Amino acid sequence: MDGQRRAAYLAAYGLFEAVQGERHQAAVAALPDAIQEAKSQGWDDVAFVLAAAGTVHRLSRAGAPERIRAEADSLVARGEELGAPALLAIALGLRAIAWSVQGDSVRLLADASRAVALLDEDDQPAIDRCTGLVVAAAAFNTLQLWELVDELYTRAVDLELRCEVPVQAAAIAVNRVITRLEWALALLEQGDESGAQRRLAHAAEAVAAALTRPLPPLWRRDVEAGALVVDLLRGADPVTQQPMLSRLRRDLAAAEDIEILPLLDAATVLATWRHGDDDAATESARTLVGARSASSGARSFPFWVRALVLAGRRPTEAVDSQRDHAAMLGRLRWESRHAVLAAARAHIAAERRKDEHDELSVAVQTDPLTGLNNRRPFDAWLDRGPARARPSALLLVDLDDFKAVNDTFGHDIGDRVLRRVGRLLLDSVRPGDLAVRLGGDEFALLLEDEHLTLGAARERAADLLDALAAEPWSLIAGDAAVSASLGMAVDIAPRSLAEGHKVDPLSLYRAADTALYTAKRDGSRLVVAGDGKP
């Protein structure tokens, strides 16, 4: 990646982070021009990151679910077209969060698990993989799978150290604070006070680590608010914390925070109630609202606090019954969380096995020297027998007197020549083509295209021979002369007779082989079966 493109790529990730901060409006306003510039330069990967930033902004601001889903679907399609696993993982992670907004846990697990498996590929840019892990973690966080989320953040931290610029360092630090805090709040809801206190201690450790980093102002206030939540739930008196509490509430409200502010308000009410000020706690409890962030794992905590406080110190028998029922549902939900965690790990393992199987399948069908297909897919085509097919052309290529290259320059030079021939063939293929090394110095190119004509097939063959002739072979093998002969057979039925017409692969192969024999015998560059013209 050249310097200008790299700078644009890093700037795109800067906007990816900025759209989540307090200056999000300016960052979002900059996206359309940045996307247009990236497209005009042909920087599809840069345009992708910028488009993803727009989706992240709408997710962090509780945008319209239908629009977010449509954007996420488009990003997944673009990620697949780019052929960049880590970018596709980012898109899948964003779509998984969008599924959470719609309450579709099955699709969320499928997309987020696929994203994690894709991020195992170590040859992808560290910044892409790190971002993908952060996004996937946010998706799993919506299901309260904090064990898995913490593992993903640990992987992200390791990758962040390999990035040119620490664009995800702040996000990882802040998210880790919020994740551990949400875990503690969920344990409080379950009545597990000791477990909650242990997690609050872990959250305090994450706060201390985050505050050592340079953070955007809003994110620093998020961490400070998280620290205050920890203190309040570990026994701090809200009255003594009032100056800081008022400042943080004001700043978070001004920034339209929808994630940490509801938790801070709820923690304040709970601490007030625990310190015996029932009237103030009751009054404030009535105003509590749930976290609206799409990636929040503690949306129910404010409602739990409101129900606890409004029930009073001596609840009626009816309220006690409702509380018992809610506790039973909470336990069932907690047990369900563990089942979902197991399912998520199983999903990820299945995706990894699928990737390993796909890699093995590719390896089995690939010639290790040239990177072309080996005979397996070609033999499968031969064995399929006559069948309805698109117009087809088979080109058989044989290097002329290649034995002399090996004998004169050695087999290592001969291998370099074969690798270069393979590269020229790969450069000539189009979607639907099959490029094959049949063995030794023999190659094949199968063309199957609904719009293929004899003239187009002949032109493709001539272009390939011209490319072979124009290659500077002297840079590889001194004064070696490398040339090739090509035999081609076609089966292109007239459109009026196309219905019901069947292409016989074996007949096509035999005709092309005969044409190749004629080309080598006569010294012709190209012979097309059936017309005898070079």
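Remember, predicted model here, so these are calculated numbers, not experimental data. Scope of the values below: all heavy atoms of this structure, side chains included, with no hydrogens, waters or symmetry mates. Numbering starts at 1 and runs along the sequence shown.
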Enclosure of Glu283 CD (heavy-atom neighbours >12, cutoff 6.0 Å): no
Distance check, rounded to the nearest 0.5 Å: Thr287 atom OG1 versus Asp265 atom CG? 6.5 Å
Which residues satisfy the ring pair (Phe, Tyr, Trp, His ring centres under 6.0 Å) test with Trp304, sequence neighbours excluded? Phe301
Donor-acceptor under 3.5 Å (Thr268 side chain, Leu264 main chain): yes
Closest non-hydrogen atom pair, Pro302 against Ala266: CA-CB, 3.7 Å
Given the rule in the side-chain contact (heavy atoms from CB on, under 4.5 Å) test, do Val177 and Asp222 qualify, once you have shown the distances and angles that lead to the verdict? CA-CA 9 Å; Val177 170; Asp222 282 342; over 6 Å; no
Does some side-chain heavy atom of Val239 sit less than 4.5 Å from a side-chain heavy atom of Gln242? no
Answer yes or no: is there a side-chain heavy-atom contact under 4.5 Å between Asp128 and Tyr13? yes
Run Leu50 and Phe16 through side-chain contact (heavy atoms from CB on, under 4.5 Å) and show every step you take. CA-CA 7 Å; Leu50 292 166; Phe16 191 100; over 6 Å; no
Could you tell me the separation between the CD1 atom of Ile172 and the CG atom of Leu133, rounded to the nearest 0.5 Å? 8.0 Å
I'd like to know whether CZ of Arg247 has more than 12 heavy-atom contacts from other residues, nucleotides or ligands below 6.0 angstrom. yes
Residues two or more places apart in sequence or in another chain: which of them pass salt bridge (Lys or Arg N to Asp or Glu O under 4.0 Å) with Arg376? none
Calculate, to the nearest 0.5 Å, the distance between atoms CZ and CG belonging to Arg352 and Leu118 respectively. 10.5 Å
What's the spacing between Gln190 CD and Leu187 CG if we round to 0.5 Å? 7.5 Å
Chi angles and distances behind the side-chain contact (heavy atoms from CB on, under 4.5 Å) call for Val309, Leu288: CA-CA 11 Å; Val309 172; Leu288 292 179; over 6 Å; no
Can you check whether Val305's main-chain N or O pairs, donor with acceptor, with Glu189's side chain at less than 3.5 Å? no
Is a donor from one side chain sitting under 3.5 angstrom from an acceptor on the other, for Glu182 and Asn141? yes
Are any of the side-chain heavy atoms of Arg337 and Leu143 separated by less than 4.5 Å? no
Could you report the tightest heavy-atom contact between Ala34 and Leu15, atom names first, then the distance? CB-CD1, 4.4 Å
Relative to each other, are the rings of Trp146 and Trp334 parallel, tilted or perpendicular (30° and 60° limits)? tilted
Heavy-atom closest pair (Ile260 atom, Ala225 atom, distance to 0.1 Å) is CG1-CB, 3.9 Å
Please walk me through it: do Glu17 and Trp219 pass side-chain contact (heavy atoms from CB on, under 4.5 Å)? CA-CA 11 Å; Glu17 182 177 283; Trp219 292 7; 3.6 Å; yes
Any salt bridge linking Glu151 with Arg345? Criterion: basic side-chain nitrogen under 4.0 Å from a carboxylate oxygen. yes
Under the 3.5 angstrom rule, does the side chain of Asp367 hit a backbone N or O of Asn374 as a donor-acceptor pair? no
Indicate the atoms forming the closest heavy-atom contact of Val134 with Tyr153, along with that distance. CA-CE2, 4.3 Å
Do Ser246 side-chain atoms and Pro243 backbone N/O form a donor-acceptor pair below 3.5 Å? no
Ring pair (Phe, Tyr, Trp, His ring centres under 6.0 Å) partners of His347, counting only residues at least two apart: none
May I ask you to test the Leu10-Ile127 pair for a side-chain heavy-atom distance under 4.5 Å? yes
Separation of Leu152 CG from Thr179 OG1 (nearest 0.5 Å): 10.0 Å
Under 4.5 Å between any side-chain heavy atoms of Leu372 and Val436, yes or no? no
Any carboxylate oxygen within less than 4.0 angstrom of a Lys/Arg side-chain nitrogen, looking at Asp44 and Arg78? no
Look only at the side chain of Arg129 and the backbone of Glu121, and say whether a donor-acceptor pair between them is shorter than 3.5 Å. yes
For the residue pair Ala271 and Leu232, what are the closest heavy atoms and their distance? CB-O, 3.8 Å
Determine whether more than 12 heavy atoms belonging to other residues, nucleotides or ligands lie under 6.0 Å from atom CZ of Arg274. yes
Min side-chain heavy-atom separation Arg199-Arg180 under 4.5 Å: no
Can Arg155 and Asp120 be counted as an ion pair, charged N to O under 4.0 angstrom? yes
To the nearest 0.5 Å, how far apart are OG1 in Thr55 and CG in Leu75? 4.5 Å
If only atom types and distance count, is the side chain of Thr154 paired as donor or acceptor with the main-chain N or O of Asp150 below 3.5 Å? yes
Check salt bridge (Lys or Arg N to Asp or Glu O under 4.0 Å) between Glu256 and all other residues, then give those that pass, not counting sequence neighbours. none
Apply salt bridge (charged side-chain N to carboxylate O under 4.0 Å, His left out) to the pair Asp251 and Arg220, showing each step before the final yes or no. CA-CA 11 Å; Asp251 291 347; Arg220 179 166 289 276; over 6 Å; no
Show every donor-acceptor pair shorter than 3.5 Å between a side-chain atom in residues 82-99 and any protein atom, with sequence neighbours excluded, or say none if there are none.
from: Arg95; atom 1: NE; to: Asp111; atom 2: OD2; distance (Å): 2.7
from: Arg95; atom 1: NH1; to: Asp73; atom 2: OD1; distance (Å): 3.2
from: Arg95; atom 1: NH2; to: Asp111; atom 2: OD1; distance (Å): 3.1
from: Arg95; atom 1: NH2; to: Asp111; atom 2: OD2; distance (Å): 3.4
from: Trp99; atom 1: NE1; to: Asp111; atom 2: OD2; distance (Å): 2.9

Considering all heavy atoms, the nearest Gly42-Arg5 contact: O-NH2, 4.3 Å
By salt bridge (Lys or Arg N to Asp or Glu O under 4.0 Å), Arg313 pairs with (sequence neighbours left out) Asp278
Side-chain contact test, heavy atoms from C-beta onward, threshold under 4.5 Å: evaluate it for Leu425 versus Thr370 and give yes or no. no
Are Pro262 and Asp257 close enough that some pair of their side-chain heavy atoms sits under 4.5 Å apart? yes
